[in-house]
2 protein chains.
Amino acid sequence: MNDIFNGETDATTRSRPAFRSIARELEQQILSGALPVGSTLPSETSLADQFNVSRSTIREAIRLLEQTGIIRRAEGRNKLRITMPRAEDIGARIKTAFLLQETTFEQLWEVLTAIEPMCAAIAATKSSPDDLEKIEDNLRRTETAHAAGDDLVGLDVEFHNLVAAATGNGALQLSRETVGELFYPAFAQVMARLNAGERLILAHRKIFDAIASGDRGEAHSWMDRHIGDFQRGCDLANLDFDAPITGPMSEIS
Amino acid sequence: MNDIFNGETDATTRSRPAFRSIARELEQQILSGALPVGSTLPSETSLADQFNVSRSTIREAIRLLEQTGIIRRAEGRNKLRITMPRAEDIGARIKTAFLLQETTFEQLWEVLTAIEPMCAAIAATKSSPDDLEKIEDNLRRTETAHAAGDDLVGLDVEFHNLVAAATGNGALQLSRETVGELFYPAFAQVMARLNAGERLILAHRKIFDAIASGDRGEAHSWMDRHIGDFQRGCDLANLDFDAPITGPMSEIS
DNA sequence: GCTCTATTTTTGTCAGACAGAATTTCTTGC
DNA sequence: GCAAGAAATTCTGTCTGACAAAAATAGAGC
């Protein structure tokens, strides 16, 4: 018998509900590699058997694990696969936290004022040719979209994500991705309202050039000015810099 | 009847399992304020009744929500309360992601090199007397602990968290907390190995003074130097700056 | 070997049950 | 009238057993 109940055998007097203990135990097995990433979880019945509990209890444990992102169902409604939690999984939660905290644009802006210039600087020293090519492609598509009068929001977010990716620093990317996703849409809107698409593109181009030529200082300083444009843009467009961000949010499924 | 099933009434041919739809619906109600933060969730039976499903289904939905951090049980095993997900909730997940990504100390250091000086600078302009008092108290305790030869790890992490808190910027705090929690223990160890407790305390003191006197530039620059000490310390102590971080992790309970 | 059907698993859901903890209601003594 | 204690009620955690539909597997036939 599988004793994960700290010796407390009575189902109702245990300090921790069984479904929680089981979720924890399964989590450990996954993180320790006993249940390797990519494999499928045993069926509910066999897990129930293995842990000596009923299927309902197992199911509740699985729901907990599911929401952590370490297990996920493959396409359709078949078996559960063990996976590595993805950035979007945790991004959704950070977003929720931001929204519930009534985060303002100014606060996001402060974060990005710190992070983005550093990203550009690091990218200037560490970017690969492949990274550069992706950024340049983004630049070209942005120019095309602007010429066609299209929306630049998505491309703007992408540009900054690509610069961050070029640093090769996963922690940096994780730290800024959510903030950027919430911030840049507002940024691009401000720029659109000011008819400052040209200016946005120029800044992106300058940042790219600096990164491509490996000039840390220039990359840092252009990105700094670029982010600074948002504050100035808010003033010019008479927008409330202190307004809390809004947006749809869901962490389920 | 509460139709959350997109018009698909047949329980088994629905595109999305009921427990998932219900979790989503409850999430919306919470985020929209229909179920206000601080209130308690209705009992499982009444939810089952309300959604026209069985209690098991409701329970599975609750497990999903529970893991997102927007509901949590108050002390003991009584009702579930609607809460605001706090930093620790998502911190665990970010930590897991960092660990699975084999994040190195250098990467964390890069993040903090960007964020921490900005935190200090903002704190210099926005900190309240209460914030300052807390930081000063931390300083005193750090000095006492150092004089007694105690471990400074916890106090170091706390110092930087307090500085971040003094910015009044929740997004900034959220962005740096996890990184700091993983990084500063290593920092403090390096300093301890180098017998550089004095230096750590001096830096903290200088940063505090700058913040207290509202000197943005000084605060920024002292924090910058302080963080820079880690890199130098690694060199001096002959530690591997590129080593991936390690640590225990669990997201359950 | 390969496709198409039949059988077995597996998941999602339900109804009903029960013990023990928590909560509420009701007594009863002051 | 109110507080302490007892009784009734609710609620959670867990289990059993059941069933339909989807998916996986085994067979059968070509």
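Letters go in sequence order (proteins before strands), and every chain restarts at 1. Side chains included, hydrogens not; waters and symmetry mates left out as well; all remaining heavy atoms used.
- Atom CD1 in A:I82 sits 7.5 Å away from atom CD1 in A:I71 (nearest 0.5 Å).
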Could you go through residues 149-156 of chain B and list every donor-acceptor pair under 3.5 Å that involves a side-chain atom there, pairing it with any protein atom two or more places apart or in another chain?
from	atom 1	to	atom 2	distance (Å)
B:D156	OD1	B:H160	NE2	3.3
B:D156	OD1	B:H204	NE2	3.0

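- Neither OP1 nor OP2 of C:dT13 sits under 4.0 Å from any side-chain N or O of B:R20.
- Between B:T57 and B:A18, the closest heavy-atom pair is CG2-CB, 4.0 Å.
- Rounded to whole angstrom, the span from the CZ atom of B:F51 across to the C1' atom of C:dA15 amounts to 20 Å.
- Between the CG atom of A:L80 and the P atom of C:dT10 there is a distance of 13 Å, given to the nearest Å.
- The distance between atom CG of B:L47 and atom C1' of D:dG13, rounded to the nearest whole Å, is 16 Å.
- Contact annotation: side chain of B:R16 to base of C:dG12, donor-acceptor pair absent below 3.5 Å.
- DNA chain D lies under 4.0 Å from at least one heavy atom of each of the following residues of residues 35-45 of chain B: B:S43, B:E44.
- In terms of heavy-atom proximity, B:R63 sits nearest to A:L64 at O-CD2, 3.4 Å.
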Give the C-alpha distance, both sets of side-chain angles, the deciding distance and a yes or no for ring pair (Phe, Tyr, Trp, His ring centres under 6.0 Å) between A:Y184 and A:F159.
CA-CA 10 Å; A:Y184 288 114; A:F159 173 82; 8.9 Å; no

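- As a whole-Å value, the separation of A:R55 CZ from D:dG17 P is 13 Å.
- Rounded to whole Å, the distance from CZ on A:F19 to C1' on D:dG13 is 8 Å.
- For the pair A:R73 CZ and D:dA23 C1', the interatomic distance rounds to 12 Å; values are reported in whole Å.
- Taken residue by residue, residues 56-66 of chain B places heavy atoms nearer than 4.0 Å to DNA chain D at B:R59, B:R63.
- Under the 3.5 Å distance criterion, with hydrogens and angles disregarded, no donor-acceptor pair is assigned to the side chains of A:S46 and A:D49.
- Taking 4.0 Å as the cut-off between side-chain N and carboxylate O, A:E66 and B:R20 count as a salt-bridged pair.
- In this structure, of C:dA17, C:dA15, D:dC15, it is D:dC15 that holds the atom nearest to the side chain of A:S54.
- The pair A:E110-B:R176 does not count as a salt bridge, with every side-chain nitrogen at least 4.0 angstrom from each carboxylate oxygen.
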Run the side chain to side chain contact (heavy atoms under 4.5 Å, CB included) check on A:L162 and A:E158 step by step: do they pass?
CA-CA 6 Å; A:L162 286 173; A:E158 185 186 297; 3.9 Å; yes

